[in-house]
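Read through the structure below, which is laid out as structure tokens, and then see the notes.
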Amino acid sequence: MTGISESATRRAAAQHAVAEHLRLTELGRVDEWVKLFSSDAVLEFPFAPAGVPQRVTGREALVAHMSNFPKIFNVEFVDLVFHDAVDPSLVIAEFRSTGTALPTGKPYEQRCISVVRINDEALITHYLDYWNPLVAIEALTPQNTPSDRDLGVTFGD
């Protein structure tokens, strides 16, 4: 029985870390948000567009990367669903963001899947974030701007 409760506790900690990540991101509290990550954590964006790195490593780099997010997007994360993995330290989260790109006033409606791993201290060590860059580019592109295949987005330093 002990193994089951340890596994359930670890899974709950992983899910809590992801839920807190979303809550603090939504609130723009980057200084608190970064404390959810281990000092050498990796944040990956496999489909990152021009202007967004595919991999960000370490707390300092995470803060630099996310520093302007609250000034660029006003979002709420909704419809959070967790999918259990065999490893209780790994969580798969599916959710949507709904909100506005502040520079343009355009809607920002995004669907995401994140694969997140925590360590023994329940800190995020690896966050693999699947989101559609075309949605971000469209939301941040001013009205009446001609299409350009090199358009990108940025919300860090």
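Any value given below was found using the heavy atoms of this structure, including those in side chains, with hydrogens, waters and symmetry copies removed.
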Rounded to the nearest 0.5 angstrom, the CD1-CG distance for Ile118 and Leu36 is 11.0 Å
Val34 to Asp31 - nearest heavy-atom pair and separation: CG1-O, 3.5 Å
Check the side chains of Ser89 and Arg10 for a donor-acceptor pair under 3.5 angstrom, ignoring hydrogens and angles. yes
Under 4.0 Å between a side-chain nitrogen and a carboxylate oxygen: does that hold for Arg23 and Glu26? no
With a 6.0 Å cut-off (strictly less than), is the heavy-atom count around CZ of Arg111, excluding the residue itself, greater than 12? no
Sequence neighbours left out, what pairs pass ring-ring contact (aromatic ring centres under 6.0 Å, His included) with at least one residue falling in residues 87-107? Phe77-Phe95
Co-membership, hydrophobic cluster, residues Phe45 and Val115, 4.5 Å side-chain: no
Distance-only, no hydrogens or angles: does the Arg117 side chain make a donor-acceptor pair with backbone N or O of Leu128 under 3.5 Å? no
Hey, what do you get for CE (Met66) to CG (Leu43), rounding to the nearest 0.5 Å? 7.5 Å
Does the side chain of Phe73 come within less than 4.5 Å of Leu140's, by heavy atoms? yes
If you look at every heavy atom in His21 and Ile124, which pair is closest and at what distance? CB-CD1, 4.4 Å
Side-chain heavy atoms under 4.5 angstrom apart, residues restricted to Ile, Leu, Val, Met, Phe, Trp, Tyr: same cluster for Leu22 and Trp131? yes
Quick check for you: to the nearest 0.5 Å, what is the distance between Ile92 atom CD1 and Tyr130 atom OH? 10.0 Å
First locate atom CG of Asn74, then atom NZ of Lys71, and finally report the distance between them rounded to the nearest 0.5 Å. 14.5 Å
Nearest heavy-atom approach of Ala136 to Tyr108 is CA-CE1, 3.6 Å
Among residues at least two apart in sequence or on other chains, which ones pass side-chain hydrogen bond (donor to acceptor under 3.5 Å, both in side chains) with Asn119? Glu121
If you round to the nearest 0.5 Å, how far is SG of Cys112 from CG of Asp79? 11.5 Å
Would Tyr127 and Leu24 show up in the same hydrophobic cluster when neighbours are defined by side-chain heavy atoms closer than 4.5 Å? yes
A side-chain contact here means heavy atoms from C-beta on lying under 4.5 Å apart; do Phe69 and Val30 qualify? no
Please list every donor-acceptor pair under 3.5 Å in which a side-chain atom of residues 46-64 meets a protein atom from a residue at least two apart or in another chain.
unit_1: Gln54; atom_1: NE2; unit_2: Pro46; atom_2: O; d: 3.0
unit_1: Arg59; atom_1: NE; unit_2: Phe37; atom_2: O; d: 2.7
unit_1: Arg59; atom_1: NH2; unit_2: Phe37; atom_2: O; d: 2.5

Check Val18 against Ala93 and note the closest heavy-atom contact, atom names and distance. CG1-CB, 3.8 Å
Can you name the nearest heavy-atom pair linking Gly28 to Pro70, along with the distance? CA-CG, 3.5 Å
Do side-chain atoms of Thr104 reach the backbone of Lys106 as a donor and acceptor pair under 3.5 angstrom? yes
His126 NE2 to Ser114 OG distance, which is reported to the nearest 0.5 Å: 11.5 Å
Given 3.5 Å as the limit, does a donor-acceptor pair link the side chain of Gln110 with the main chain of Asn132, or not? yes
Less than 4.5 Å apart, side chain to side chain, heavy atoms only: is that true for Gln15 and Asp84? yes
If every non-hydrogen atom of Thr141 is compared with every non-hydrogen atom of Ile137, which pair is closest and at what distance? OG1-O, 2.5 Å
